[in-house]
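Just so you know, these numbers use all the heavy atoms, side chains as well, and skip hydrogens, waters and symmetry mates. None of these values were measured; they are calculated from a predicted model. The chain is numbered in sequence order, starting from 1.
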Amino acid sequence: AGRRLLGLPFAADLSGTRAAGFHPPATLARLRDEAIPAVLRDGAWTGEGALRRVDGEEIPVSMSIVAHPSFVSGEAPYFSAIMRDLRDRQRAEAARRASEARFRAIFDHAAVGVSVVDAAGTIVEANAAFHAFLGYAPGELVGRYAPSLSPPEEGAVTRGPVADLRAGRVAEVTVQKRFIRRDGVVRWGALTMACMPLPGGETGILGSIVDVTARREAEAALRESEARLGLIYNSASDLMFLLRVEPQADGRPAYRCESVNDAYLAVTGLTREALVGRTLREVIGPEGAAAAAERYDLAVATGDVLRYDEDVELPAGRVVVETTLTPILDEGGACTHLLGASRDVTARRRAEAALRASEGRVRGAVEASLDALVICRAVRDADGTVVDFTVEDCNARACALLDTPRESLVGEGVLGTFPGLRDNGVFDACRRVAATGEPYHAEYAPVGPRTRARWLEVHVVRLGDGVSVTMRDISEQKSVE
């Protein structure tokens, strides 16, 4: 082993070789000034030095030198030396020092708070970020009892996880707990812990902490907002549903139900299990899905709110629902969801149809009347005084009688079209009817080129905020009289 260490052949003859030739000058000086005097005085010496191999490489070694008495009286004692190659140990120590330097750099300059706590719970090290998180100056927390930095009830949060770490059941654990800053403000921190060897063979806890106060406050606000939304969502009488838009390889999206409200279930008779998580095709079949997807695709493509009516077959029978589709867009403007709200408008649509039919019948009756009919709305000034009337509608008989086309009557002021009404008292009569509701009846001879009749019989009744004027040509009757 000694020959290998020196790089000598196994069979090399070392007789008469001086040991000094295998040591560099620094080691020779130490042997001369320290080691040999100690061996002669104490009989042995242990230290470190270096050997110089035959190829010139210097090798760090540990040396143990022992003195042996001479067999010939009066001669110097013999020395024996045991040397051990220290290169592996020195490489390991260099690696350890480099590792410690890296750890120290990370520990000291980490953006997150880092601390080391011993088995008694005392903080033995803490970096600047940890001190800043708790509002202390660097170094002030060293020696503090770590649990004292949190409310007493938070001890239960870390007790079990720390026991698991020390027992080796887990290698790392993360908990969220409250911490009390120096100014008394409570902050939330996500604390990640792992075991760490300490000097003296003790095992400590290395902890890194991230301030999650803002995140927890945002999560709490989100939960509160979602709770309010859920309350509104499920208490709404409209049928509400939320569809997730799922892009497909062919470019057309698929639609999957994410939620429905209670009203939707009550009206349709379906269960959440039959709807939530299922695609449109799975819920209403390929044919129905294709028809619905045309509207959904339009809302997704345009990003605009879409409203439409559709006939739906429900357990209670066939109904008409009015649906509003609202696209929900992400920050990039892409549609991720569709929120639908459907309302049963069957009764309203039937009423509207009945009203249209009734209005049609009324219009037919009005147009079939032998009397001229003009409906007027009052025009008032700032004090509420009627200053004119605007023609809102008239029948064909009125247009013929007044010799004026309908488009020249509807929307026009009465006095502007027939100024003579102010002079013959008809305008003032219409004002009284609008004010009192008492009908007016009269016969008069119109003045001006606007009418073909020489005599008119006029009936005026109040209608809303205006009057209805019925006129009949009584020129022939007056001629007979």
Side-chain ([X]) to main-chain ([Y]) donor-acceptor, under 3.5 angstrom:
{"X": "E154", "Y": "R178", "result": "yes"}
{"X": "D383", "Y": "T385", "result": "no"}
{"X": "T302", "Y": "L298", "result": "yes"}
{"X": "T404", "Y": "L402", "result": "yes"}
{"X": "R377", "Y": "V391", "result": "no"}
{"X": "Y255", "Y": "D297", "result": "yes"}
{"X": "R278", "Y": "E273", "result": "yes"}
{"X": "N127", "Y": "V112", "result": "yes"}
{"X": "E140", "Y": "A137", "result": "yes"}
{"X": "S475", "Y": "R454", "result": "yes"}

**Report entry** Worked verdict on L149 versus L141 for side chain to side chain contact (heavy atoms under 4.5 Å, CB included)
**Finding:** CA-CA 10 Å; L149 301 175; L141 291 174; 4.0 Å; yes
Below 4.0 angstrom, N of the basic side chain to O of the carboxylate: do [X] and [Y] qualify?
{"X": "R343", "Y": "E322", "result": "no"}
{"X": "R87", "Y": "D85", "result": "yes"}
{"X": "R462", "Y": "E438", "result": "no"}
{"X": "E443", "Y": "R472", "result": "no"}
{"X": "R349", "Y": "D344", "result": "no"}
{"X": "E476", "Y": "K478", "result": "no"}
{"X": "R397", "Y": "D371", "result": "no"}
{"X": "R422", "Y": "D428", "result": "no"}

Report task. Any chance you could lay out the salt bridge (charged side-chain N to carboxylate O under 4.0 Å, His left out) test for R252 and D250, step after step, and finish with the verdict? Result -> CA-CA 6 Å; R252 290 194 64 184; D250 62 3; over 6 Å; no
Does any non-hydrogen side-chain atom of [Y] lie less than 4.5 Å from one of [X]?
{"X": "T324", "Y": "V305", "result": "yes"}
{"X": "R91", "Y": "D88", "result": "yes"}
{"X": "D304", "Y": "P327", "result": "no"}
{"X": "E392", "Y": "C376", "result": "no"}
{"X": "P405", "Y": "C399", "result": "no"}
{"X": "V467", "Y": "V469", "result": "yes"}
{"X": "W455", "Y": "Q477", "result": "no"}
{"X": "V458", "Y": "T470", "result": "no"}

Least distance between heavy atoms, [X] atom then [Y] atom:
{"X": "F241", "Y": "S342", "result": "CE2-OG, 3.8 Å"}
{"X": "L338", "Y": "A299", "result": "CD2-CB, 4.0 Å"}
{"X": "E202", "Y": "A119", "result": "OE2-N, 2.7 Å"}
{"X": "V142", "Y": "H131", "result": "N-NE2, 4.3 Å"}
{"X": "A293", "Y": "L280", "result": "N-CD2, 4.3 Å"}
{"X": "Y308", "Y": "Y296", "result": "OH-CE2, 3.8 Å"}

Distance from [X] atom [atom1] to [Y] atom [atom2], nearest 0.5 Å?
{"X": "T279", "Y": "I284", "atom1": "OG1", "atom2": "CD1", "value": "9.5 Å"}
{"X": "I209", "Y": "L134", "atom1": "CD1", "atom2": "CG", "value": "6.5 Å"}
{"X": "D388", "Y": "L415", "atom1": "CG", "atom2": "CG", "value": "4.0 Å"}
{"X": "R166", "Y": "D164", "atom1": "CZ", "atom2": "CG", "value": "12.0 Å"}
{"X": "C257", "Y": "L270", "atom1": "SG", "atom2": "CG", "value": "10.0 Å"}
{"X": "R244", "Y": "I328", "atom1": "CZ", "atom2": "CD1", "value": "12.5 Å"}

Report task. Check the pair L206, V114 against side chain to side chain contact (heavy atoms under 4.5 Å, CB included), reporting the backbone distance first and the verdict last. Result -> CA-CA 7 Å; L206 173 67; V114 184; 3.6 Å; yes
Report task. Please say whether more than 12 non-hydrogen atoms of neighbouring residues, nucleotides or ligands are located less than 6.0 Å from CD in Q248. Result -> yes
Query - R216, CZ: over 12 other non-hydrogen atoms inside 6.0 angstrom - result: yes
Query raised in the report: Given L165 and V173, is the side chain to side chain contact (heavy atoms under 4.5 Å, CB included) satisfied, shown in steps?
Result: CA-CA 8 Å; L165 283 172; V173 66; 3.7 Å; yes
Requested in this report: Apply side chain to side chain contact (heavy atoms under 4.5 Å, CB included) to V245 and L243, showing your working.
Outcome: CA-CA 6 Å; V245 180; L243 301 177; 5.9 Å; no
**Report entry** Residues R215, E217; criterion salt bridge (charged side-chain N to carboxylate O under 4.0 Å, His left out); working and verdict
**Finding:** CA-CA 5 Å; R215 188 180 78 192; E217 290 174 349; over 6 Å; no
Query raised in the report: Is the charged tip of R187 near the ring of F179: under 6.0 Å from the six-membered ring centre and within 45° of its axis?
Result: no
